[in-house]
Peer 1: 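This is the structure I have questions about; it appears just below.
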Amino acid sequence: MKGHAVMNDDVSKATQPRLAILRDGRDREQGVVTTFDRIAEQVSVGLVSAGLLTSRQRAELLRHAAGFPALPAHRLFLEYRVGTHLSLEGYGHGFDAQTIRQLGAWDQGFTAIGPLRTALDGDPFARDRRRYLDTTADDDPNWIEYDVDGGRLSDVPGVFFGFPARFRSMSDPERARALEARLDPLLRRPGSGGASFWDLLDALIESKSAGATPVGLYRFGLCARRRPDWARVVLNGISGEEFDSAGRRLAMAVEQEPLRWVVRHLAGLGNTDPHIAASVGVIGGTVDAIDVECPFFNRVSDDEERRAQVAEFCGLLVDRGLVAGSVADTLARAAALRIDPSDGPTRALLLLDHFKFGMAGSTSGRVKVYFEVLLRTTG
């Protein structure tokens with residue numbers, strides 16, 4: 001589971017944001033709301049054909065996406081748990097940071113706006129965004145995420161907020177304490193028992209050797225629907241050995257094998273320094289789960305090469321008994337697939353983005369996969 005550097009002016013609810021909207025999927029027009037429904041209806045047919053949605057799931061996605069504006073640049077993502085079968089666990093929308101702020105001010109025919117606005121208002125770094133121009137922000141979209149609950153998509157989103165520049169790189173405990181003060185009470189230390197996120201962060205900082213890449217803080221996720229004391233922090237710039245060292249310091253059992261064999265496999269392909277992210281789930285201040293995200297196929301630019309690499313990796317998952325052969329075949333076929341709408345200027349590319357492996361806590365042994373649908377409008 002990224003945003004452009006933008007001016008950090010607030011968009012007041014009294015001022016209509018100026019979004020480049022697609023009218024009926026054909027024209028760009030400033031300030032006119034048309035919905036994403038028509039594009040989603042056609043793109044979702046391709047997802048059913050690819051084996052990623054059932055007809056019932058498609059109908060639920062269309063119900064849920066009703067009213068989202070049809071924007072020239074828009075990403076969808078789909079989250080699955082994999083094993084003996086492919087289980088849809090969530091979906092979401094990705095936009096650049098400025099567009100997400102504008103969406104929070106929109107209220108014309110947008111049925112999801114109420115819960116979304118509440119979630120966006122929970123941004124713990126809003127003050128930084130108002131005061132400073134962030135010239136070093138990454139180009140990744142910011143994500144609005146909806147869980148699947150009993151076959152129905154939740155109306156309450158989780159939002160993953162980007163960290164301000166001064167908190168994106170952690171190499172000393174003093175900077176960590178400043179971030180801890182900013183995120184209190186959202187991410188406070190538990191009263192008793194269990195390691196806190198701050199204990200883990202300090203241990204990771206200590207595990208770094210002199211001159212090593214600092215601990216990177218990528219996204220901070222909140223979702224009231226899961227529970228009010230739930231949070232997730234996505235980290236990068238950490239090796240398996242550093243996690244192992246931090247786990248020993250905190251007496252946490254960290255399963256290293258998934259990351260070890262993935263890294264060995266990538267090294268065999270010539271990638272000796274793969275991008276690795278870690279997702280740390282926190283409940284009530286205590287670290288509940290650690291997942292490692294790798295490999296990332298979004299860095300493979302050629303579609304044929306991506307298909308080949310995904311097929312080979314899925315074969316390894318089958319050999320290790322982590323997924324069924326039929327699931328691996330579905331993933332490989334959908335690794336890079338055109339699912340363009342039948343008419344209009346919108347182009348849709350379905351891509352397998354990355355895998356996620358549970359390493360510690362409540363998610364240990366779990367495997368997930370994430371797909372993106374990149375929507376672009378031409379003409």
Peer 1: Looking only at non-hydrogen atoms, find the nearest pair between Cys294 and Leu266 and report the distance.
Peer 2: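 Scanning both residues completely, I find the closest heavy atoms to be SG-CD1, 3.8 Å.
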Peer 1: Would a 4.5 Å heavy-atom cut-off, applied to side chains only, mark Arg249 and Ser207 as touching?
Peer 2: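 Contact flag for Arg249/Ser207 side chains = yes.
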Peer 1: Any side-chain heavy atom of Val292 within less than 4.5 Å of one from Val262?
Peer 2: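 With C-beta onward as the side chain, the pair stays apart.
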Peer 1: How about CZ on Arg175, more than 12 heavy atoms from neighbouring residues, nucleotides or ligands closer than 6.0 Å, or not?
Peer 2: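 Count not over threshold, so no.
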Peer 1: Shortest non-hydrogen contact from Lys208 to Pro214?
Peer 2: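 Between these two residues, the closest heavy atoms are CE-C, 4.1 Å.
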Peer 1: OH of Tyr146 to CZ of Phe77: how many Å apart, nearest 0.5 Å?
Peer 2: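 Output value for this atom pair is 10.5 Å.
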Peer 1: How many angstroms lie between atom CG of Leu53 and atom CG of Leu61, to the nearest 0.5 angstrom?
Peer 2: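 Rounded to the nearest 0.5 Å, the CG-CG separation comes to 6.5 Å.
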Peer 1: To the nearest 0.5 Å, how far apart are OH in Tyr218 and CD in Glu293?
Peer 2: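 Tyr218 OH to Glu293 CD: 9.0 Å, rounded to 0.5 Å.
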Peer 1: Regarding Arg177 and Glu180, does a basic nitrogen lie under 4.0 Å from an acidic carboxylate oxygen?
Peer 2: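 Counted as a salt bridge, because a side-chain N and a carboxylate O are separated by less than 4.0 Å.
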Peer 1: Do you know the tightest heavy-atom contact between Leu331 and Val310?
Peer 2: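 In terms of heavy atoms, the two residues are closest at O-CG1, 4.0 Å.
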Peer 1: Report yes if the side chains of Gln256 and Glu241 come closer than 4.5 Å at any heavy-atom pair, otherwise no.
Peer 2: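 No, too far: nothing below the 4.5 Å cut-off.
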Peer 1: Are Val215 and Glu242 close enough that some pair of their side-chain heavy atoms sits under 4.5 Å apart?
Peer 2: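 Val215 vs Glu242: side chains apart.
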Peer 1: Can you tell if the side chain of Leu317 reaches within under 4.5 Å of the side chain of Val327, non-hydrogen atoms only?
Peer 2: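 When only atoms from C-beta onward are counted, Val327 and Leu317 do not touch, as no gap falls below 4.5 Å.
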Peer 1: Using a 4.5 Å cut-off on heavy atoms from C-beta on, say whether the side chain of Met252 contacts that of Ile290.
Peer 2: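 Yes - at least one pair of side-chain heavy atoms lies under 4.5 Å apart.
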Peer 1: Could you go through the side chain to side chain donor-acceptor pair (under 3.5 Å) check for Ser154 and Asp149 one step at a time?
Peer 2: CA-CA 7 Å; Ser154 171; Asp149 184 10; over 6 Å; no
Peer 1: Output the distance between atom CG (Leu235) and atom CZ (Phe197), rounded to the nearest 0.5 Å.
Peer 2: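 Output value for this atom pair is 5.0 Å.
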Peer 1: Listed by chain and number, what are the side chain to side chain contact (heavy atoms under 4.5 Å, CB included) partners of Pro228, not counting sequence neighbours?
Peer 2: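 With neighbours one apart ignored, the set is empty.
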Peer 1: side-chain contact (heavy atoms from CB on, under 4.5 Å) with Leu222: which of Leu187, Val159, Leu186?
Peer 2: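 Only match with Leu222 under side-chain contact (heavy atoms from CB on, under 4.5 Å): Leu186.
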Peer 1: Angle class for the Tyr91/His64 ring planes (parallel below 30°, perpendicular above 60°, tilted otherwise)?
Peer 2: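 Plane angle over 60°, so perpendicular.
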Peer 1: If you take all heavy atoms of Phe371 and Ala334, which pair is closest and at what distance?
Peer 2: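 Here Phe371 and Ala334 meet closest at CE2-O, 3.4 Å.
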Peer 1: Given Val280 and Val282, is the side-chain contact (heavy atoms from CB on, under 4.5 Å) satisfied, shown in steps?
Peer 2: CA-CA 6 Å; Val280 182; Val282 182; 4.2 Å; yes
Peer 1: If the threshold is 4.0 Å, N to carboxylate O, is there a salt bridge linking Arg248 and Asp244?
Peer 2: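 Yes.
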Peer 1: Roughly how far apart are Phe296 CZ and Lys356 NZ, rounded to 0.5 Å?
Peer 2: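 Answer for the CZ-NZ pair, Phe296 versus Lys356, is 9.5 Å.
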Peer 1: Salt bridge check: are Glu145 and Arg226 linked by an N-O gap of less than 4.0 Å?
Peer 2: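 Yes, Glu145 and Arg226 are salt-bridged.
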Peer 1: Tell me if the CG atom of Asp302 is crowded by more than 12 foreign heavy atoms within 6.0 Å.
Peer 2: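 Yes, CG of Asp302 has more than 12 neighbouring heavy atoms, counting only those of other groups under 6.0 Å.
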Peer 1: Please, which pairs that meet salt bridge (charged side-chain N to carboxylate O under 4.0 Å, His left out) have at least one residue in residues 318-338, sequence neighbours excluded?
Peer 2: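 Matches after skipping sequence neighbours: Glu257-Arg320.
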Peer 1: Evaluate the criterion side-chain contact (heavy atoms from CB on, under 4.5 Å) for residue pair Thr363 and Phe357; output intermediate values, then yes/no.
Peer 2: CA-CA 8 Å; Thr363 61; Phe357 298 87; over 6 Å; no
Peer 1: Take atom CZ in Arg56; do more than 12 heavy atoms of anything else shown fall under 6.0 Å from it?
Peer 2: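 Not buried by this count: 12 neighbours or fewer within 6.0 Å.
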Peer 1: Looking at every non-hydrogen atom in both residues, tell me the closest pair between Ala348 and Val43 and how far apart they are.
Peer 2: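 That closest heavy-atom pairing would be CB-CG2, 3.9 Å.
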Peer 1: Can you check side-chain contact (heavy atoms from CB on, under 4.5 Å) on Ile276 and Val263, steps first, answer last?
Peer 2: CA-CA 9 Å; Ile276 299 170; Val263 170; 4.2 Å; yes
Peer 1: Working note: Phe313 + Trp261, criterion ring-ring contact (aromatic ring centres under 6.0 Å, His included); need CA distance, chi angles, decisive distance, verdict.
Peer 2: CA-CA 11 Å; Phe313 188 76; Trp261 72 260; 5.4 Å; yes
Peer 1: Return the CG to CD1 distance between Asn236 and Ile238, rounded to the nearest 0.5 Å.
Peer 2: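 Going from CG on Asn236 over to CD1 on Ile238, the span is 7.5 Å.
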Peer 1: Could you please spell out the steps behind the side chain to side chain donor-acceptor pair (under 3.5 Å) verdict for Asp199 and Ser196?
Peer 2: CA-CA 5 Å; Asp199 295 326; Ser196 72; 3.1 Å; yes
Peer 1: Verify side-chain contact (heavy atoms from CB on, under 4.5 Å) between Arg182 and Phe125, making sure each step is shown before the conclusion.
Peer 2: CA-CA 8 Å; Arg182 169 59 62 87; Phe125 307 117; 4.0 Å; yes
Peer 1: State which residue, out of Arg306, Glu312, Glu305, fulfils the side-chain hydrogen bond (donor to acceptor under 3.5 Å, both in side chains) condition with Gln309.
Peer 2: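 Testing each of Arg306, Glu312, Glu305 against Gln309, the sole residue satisfying side-chain hydrogen bond (donor to acceptor under 3.5 Å, both in side chains) is Glu305.
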Peer 1: State, to 0.1 Å, how close Asp37 and Ala65 come at their nearest heavy-atom pair, and which atoms those are.
Peer 2: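 Heavy atoms only, the tightest pair is OD1-O, 4.0 Å.
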Peer 1: Taking salt bridge (charged side-chain N to carboxylate O under 4.0 Å, His left out) as the criterion, tell me which of Arg366, Arg81, Lys368 meets it with Asp291.
Peer 2: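 One option only clears the test, and that one is Arg366.
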Peer 1: Taking the six-membered ring for Trp, are His93 and Phe68 parallel (under 30°), tilted (30 to 60°) or perpendicular (over 60°)?
Peer 2: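 Judged by the thresholds at 30° and 60°, the geometry between His93 and Phe68 is parallel.
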Peer 1: Is there side-chain contact between Leu52 and Leu350, with at least one heavy-atom pair below 4.5 Å?
Peer 2: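 In short, these two side chains touch, coming nearer than 4.5 Å.
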Peer 1: Are Leu217 and Phe167 packed together at the side-chain level, in the sense that at least one heavy-atom pair is separated by less than 4.5 angstrom?
Peer 2: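 When only atoms from C-beta onward are counted, Phe167 and Leu217 do not touch, as no gap falls below 4.5 Å.
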